[in-house]
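These notes concern the structure reproduced below.
Order of the sequence lines fixes the chain letters, A, B, ..., with proteins taken first and strands second; residue numbering starts at 1 for each chain.
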Amino acid sequence: MGRVLICAEHDGERLNLSTAKCVSCANSFANDGIDIAVLSENGGAIASEASAIDGVSKVLHIDSNDNGAPLAAIWAPQIAALATDYSHVFGPSTTFGKDLMPRVAALLGTGQLSDIMSTTDGRVFQRPIYAGNAIVTVDASACSIIVATVRTASYVAAEEGGNATIEHRATEAEIPSHTRYVELKGDTGGGRPDLQTAARVVSGGRALGSEDNFKLIYDLADRIDAAVGASRAAVDSGYVANDLQVGQTGKIIAPDLYIAIGISGAIQHLTGIKDAGTIVAINKDSEAPIFEVADFGLVADLFDAVPDLIARLGR
Amino acid sequence: MVCLKRVVDYNVRVRVKPDGSGLALDGVKMAINPFDEIALEEALRIRERDGAEEIVAVSIGSTDCQQQLRTGLAMGADRALLIETDSDLEPLAVARTLKALVDREQPDLVIMGKQAIDGDNNQTGQMLASLWDRPQATFTSELTIDGEVATATREVDAGLEVIEFDLPAVVTTDLRLNEPRYVKLPDIMKAKKKPLDVIAIDEITDDTAPMFAVTNVAPPAERAKGIIVDDTVALVAALNDKGLI
């Protein structure tokens, strides 16, 4: 077994928690050391954050004007140049990692494993297929470098407490000019906790009926300091932006508490929440599939139950 | 060039065989991967909006994939190519095959779904772009083309990222890019006359060996059955008991 390299995800200022989740995955099997690659522009603080994750030996920091935005076409050759010293190269199974890691793997002439959930020895892995309706066990022993994305909902972030050395590296790859970053329009969260990493999440479905009515979901979320999510039906109906979508085609999350309101529980939604600690469902249809996975179900009209709940949770 | 994968229809709930050897897929309904259908629709709209010389639909797989290619032709693709193989190829092998096809066909744009709903890998487009050394726009929800330059809005976790890139390039589609059209009966008839070439994969590439071995297929762990509470009072009490609020 060799060393593990993890590609850090960040927003230009702070490290994303997904990076520490990848460290947890790497920590779950015997290896010769875990290093983190931080690509950034003026990202000294990010490299410091990475060096403080428990279990990390080294942070390889490539700070350059090319690395201001996480463009896969620009980052992949830099990661691939670092990867030759490693037996494993991991990234998170967020849109960042899904965009980047296959490009890295192809440069290295190897395959990639998506969404790894568990491993015993760092050679054999479990991953979901068919929207989580089946779990396959895959043996990657034949790969000289194992490139993978780590299913972030399957791992608890490694804690702080490390003191890794930070090595500054120069870009040792040719950087293409064919892809250019323009802008990020985003953050519809309104200052609420981040959906992907929040301990509590309140989600609304099509039964909310309108963008205005979705305010009930925000109100309830604010009472319990929760992030807001939505079903694909609610997103498709235009009640909220797509970055709040939870499910197979949205975000896969694992909060301690998940409250699904007016969500019927289509398979593709359940795929996104099955690792939640406790699932609460409020729906007026007692036959809704969401009740099959809910720890606590309340069969009620959401327009009665949610305002009532908000009043009872009043701070 | 549009890539169409034949997959189990998204309405089918797949079941795992009890012996862990795979999925019980005999006789289930098959369809074009929904994300790939969006890719084809986008190609058709680009042709209607900006003009495109030709739209080629490509599939890699068994002879049965001809059904999905015919559907693609009925939607409006000009011709189709089936790269025939009975092996279940890994994404890198698919990308290598597509790269060999790109070298033959010289497309200005390759467009495909961000993932197939069977393997959920989300890799092929990125790998093709990597092998081709060209731009990739993954998770695209809006695409405009202006001459040799394209602009894509990408659905990333933090919101909507806009990138600009030079053609040729690879685009992978997200759900909100468009709503695919319904195929009309006269178009199905017309599609029967459009060219569909079948090429053995050996004539394209010999670089498709698997790197991974699937050793078991299991159903997912089930959650323990929960309880139905009577009202919000009981719900709040239950959550308090567990220290969740």
Side-chain angles (χ1 to χ4, degrees), chain A residues 11 71-73 76 94-96 98-99 102-103 105-107 110-112 114-115 128-140 142-143 178-188 196 224 242-243 249 251 256-257 267 274 278 280 293-299 305 308-309 312-313, chain B residues 8 13-14 16 23 90-92 95 117-123 126-127 129-131 133-136 138-139 141 151 155-166 169 174-176 211-220 223 226-229 231-233 235-236 238-239 242 244-245:
Chain A
D11 62 3
L71 294 174
T94 55
T95 54
F96 160 79
K98 289 174 181 174
D99 188 43
R103 190 153 185 138
L107 285 175
T110 190
Q112 192 230 273
S114 296
D115 304 313
I129 58 169
Y130 283 95
N133 282 311
I135 309 298
V136 286
T137 301
V138 184
D139 186 338
C143 300
H178 55 50
T179 307
R180 300 166 292 276
Y181 173 80
V182 180
E183 61 174 329
L184 179 68
K185 302 185 248 182
D187 196 19
T188 47
Q196 214 134 21
I224 57 171
N242 183 55
D243 51 349
T249 53
K251 294 185 170 70
D256 298 333
L257 174 63
I267 296 279
K274 64 176 83 169
T278 298
V280 173
V293 300
D295 298 284
F296 301 110
L298 175 59
V299 181
D308 196 34
L309 203 52
R312 286 184 199 290
L313 295 169
Chain B
V8 173
R13 188 165 185 172
V14 300
V16 174
L23 296 158
E90 291 172 2
L92 181 63
I117 59 167
D118 48 6
D120 284 334
N121 280 303
N122 198 329
Q123 299 175 16
Q126 295 90 310
M127 287 180 163
S130 185
L131 299 172
D133 199 13
R134 294 304 307 166
Q136 68 187 47
T138 51
F139 324 123
S141 62
T151 303
E155 294 195 343
V156 297
D157 291 334
L160 298 172
E161 185 192 85
V162 182
I163 60 168
E164 183 190 89
F165 52 97
D166 302 333
D174 218 314
L175 283 175
R176 266 147 299 279
M211 299 195 166
F212 303 114
V214 173
T215 56
N216 188 48
V217 183
R223 293 183 71 94
I227 56 165
I228 296 290
V229 295
D231 50 29
T232 53
V233 177
L235 179 57
V236 170
L239 295 179
K242 292 191 103 185
L244 289 164
I245 51 173

Among [options], which residue forms the greatest number of heavy-atom pairs with chain B at distances under 4.5 Å?
{"options": "A:Arg103, A:Lys274, A:Gln196, A:Lys98", "answer": "A:Arg103"}
{"options": "A:Asp115, A:Ile135, A:Thr179", "answer": "A:Ile135"}
{"options": "A:Val136, A:Leu184, A:Thr137", "answer": "A:Thr137"}
{"options": "A:Leu71, A:Leu298, A:Leu257", "answer": "A:Leu298"}
{"options": "A:Thr110, A:Asp256, A:Thr94", "answer": "A:Thr110"}
{"options": "A:Asn133, A:Val293, A:Asn242", "answer": "A:Asn242"}

**Report entry** Candidates B:Leu160, B:Asn122, B:Leu175 - the one meeting side chain to side chain contact (heavy atoms under 4.5 Å, CB included) with B:Phe139
**Finding:**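 Only match with B:Phe139 under side chain to side chain contact (heavy atoms under 4.5 Å, CB included): B:Asn122.
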Looking only at side-chain N and O atoms, does [Y] offer a donor or acceptor that is under 3.5 Å from a partner on [X]?
{"X": "A:Asp99", "Y": "B:Gln136", "result": "yes"}
{"X": "A:Asp308", "Y": "B:Thr232", "result": "yes"}
{"X": "A:Ser114", "Y": "B:Gln123", "result": "yes"}

Portion of [X] that has a non-hydrogen atom of chain A nearer than 4.5 angstrom:
{"X": "B:Pro220", "answer": "both"}
{"X": "B:Glu90", "answer": "neither"}
{"X": "B:Ile163", "answer": "both"}
{"X": "B:Val16", "answer": "side chain"}

Pick from [options] with the largest number of heavy-atom pairs that fall under 4.5 Å of chain A:
{"options": "B:Gly119, B:Ser141, B:Ala169, B:Pro219", "value": "B:Gly119"}
{"options": "B:Ile117, B:Asp118, B:Thr215", "value": "B:Asp118"}
{"options": "B:Pro91, B:Ala129, B:Ala95", "value": "B:Ala129"}
{"options": "B:Gly226, B:Ala238, B:Ala213", "value": "B:Ala213"}
{"options": "B:Leu244, B:Ile245, B:Leu235", "value": "B:Leu244"}
{"options": "B:Glu161, B:Arg134, B:Glu164, B:Met211", "value": "B:Glu164"}

Query raised in the report: For B:Asp166 and A:Arg180, what are the C-alpha separation, side-chain angles and deciding distance, and is it a salt bridge (Lys or Arg N to Asp or Glu O under 4.0 Å)?
Result: CA-CA 9 Å; B:Asp166 302 333; A:Arg180 300 166 292 276; 2.8 Å; yes
**Report entry** Interatomic spacing from CG in B:Leu23 to OH in A:Tyr130 - rounded to 0.5 Å
**Finding:**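 One gets 5.5 Å once the value is rounded to the nearest 0.5 Å.
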Using non-hydrogen atoms and a 4.5 Å limit, figure out which bit of [X] sits close to chain B: side chain, backbone, both or neither.
{"X": "A:Asp11", "result": "neither"}
{"X": "A:Ala305", "result": "both"}
{"X": "A:Leu107", "result": "both"}

Query raised in the report: Is it true that a side-chain atom of B:Asp174 and a backbone atom of B:Arg176 form a donor plus acceptor pair closer than 3.5 Å?
Result: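 Judged by distance alone, no pair lies under 3.5 Å.
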Side-chain heavy-atom pair [X], [Y] within 4.5 angstrom cut-off:
{"X": "B:Gln126", "Y": "A:Gln112", "result": "no"}
{"X": "B:Val236", "Y": "A:Leu309", "result": "yes"}
{"X": "A:Phe296", "Y": "B:Ile227", "result": "yes"}

Query - Under the side-chain contact (heavy atoms from CB on, under 4.5 Å) test, residues paired with B:Val162 that sit two or more places apart - result: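 Expected list: A:Val182, A:Glu183, A:Lys185, B:Thr151, B:Thr153.
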Query - Residues which pass side-chain contact (heavy atoms from CB on, under 4.5 Å) with B:Ile228, listed by chain and number, not counting sequence neighbours - result: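 Only A:Phe291, A:Val299 meet the side-chain contact (heavy atoms from CB on, under 4.5 Å) criterion with B:Ile228.
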